[in-house]
Amino acid sequence: MDSLKAQVEELLYNNAEDFKIAKVLKADIKDYLENLEDTFRTSGGKDFLVKHTRKIDCILKLVYKVALRAMFGNYAPMKNSLPVTMIALGSYGREQLCVRSDIDLMIVYKDIPGYNTQAFIEKILYILWDTGLKLGHRVHTAEELLEVSKTDITIKTALIESRFIEGSNFIWTATQNALQKIRQDNIEGFIEEKLQEQKEKHRKYPLTMEPNLKDGVGGFRDANLIFWIGKIRYNVDNIKNLPEEIIAEKEYRSFRIALEFLFRVRSALHLVTHKKEDRLRLDLIPHVASLLGYDHSPKELMRFSRKVTESLKILRLY
């Protein structure tokens, strides 16, 4: 990351055009993804996802800096003065971004005519697209977030997982105030909708020999559901911080061990297939298991498969 920052800083110092900087960022991303297996082998489940998330954070912060230089030259205002903030949503907001998953980004702004914020936001997005990142994005003012959250349960869910990346702390504070209202809006209705959504996913993706690690029974959506309800009901940022009567320390330990293992399995699945793949197909098991340190003997592959099933059952239980 430091090497990439140095390269971008040098290009900015030499007034390089933004498309040239985007080209450097694109090359760095390509090299990073090609060598990601080495990082994976030496990292834990959530630790690997956090490292990946921080790499993406670094790229987005550099893109913000490039866009700032492109728009203002040597007359750039302080970040807090420019009414634009970049915010991570969804799994990216939770620092659980898998290697081939889309990067959910929200840009929140205040329309101040003197800053031409729309042009600045467009510049950020154009540079990001040039880097080749798989980006899903939303652009809103803080004032409209509450109404936007009421239009779709998926949007509300993503918003409550928001995390600051770069930009104005003033706009981030206004966003946090809006998010607090969103969390408090129709709590019972939100929980009922999420529980119904879970039932439908379980019907569609039952626990089979080829489980869906994201949406199936015991998958990450089941673990996320605990977080979402905890966030809405108790305003906690971590399942571990839920009240003892909700999940005891001993229960959390077994839950966390299972979750960590499945984090590694899903990451390995993305690395093996080179795409966003959430179904652990039988033909992929030897490759995924190998990346996790299992050998190819039938006994070892059976041990791996059994551990996957057991971990899914633990997540489903809690």
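Positions are given from 1, in the same order as the sequence printed here.
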May I ask you to decide whether [X] forms a salt bridge with [Y], counting only side-chain N to carboxylate O separations under 4.0 Å?
| X | Y | result |
| --- | --- | --- |
| R94 | E161 | yes |
| E37 | R41 | yes |
| K51 | D47 | yes |
| E9 | K65 | yes |
| E260 | R256 | yes |
| R100 | E277 | no |
| E147 | K150 | yes |
| E197 | K194 | yes |
| R163 | D57 | yes |
| E188 | R233 | yes |

Using modelled atom types only, decide if a donor and an acceptor are shared between the side chain of S168 and the backbone of V84 within a distance under 3.5 Å. no
Restricting to non-hydrogen atoms, name the atom on L315 and the atom on A258 that form the minimum distance, rounded to 0.1 Å. CD1-CB, 3.6 Å
Q198 and D222 side chains, donor-acceptor separation under 3.5 Å: yes
Parallel, tilted or perpendicular: which describes the rings of F120 and Y64, with under 30° parallel and over 60° perpendicular? perpendicular
F304-H296 aromatic ring centre distance below 6.0 Å: no
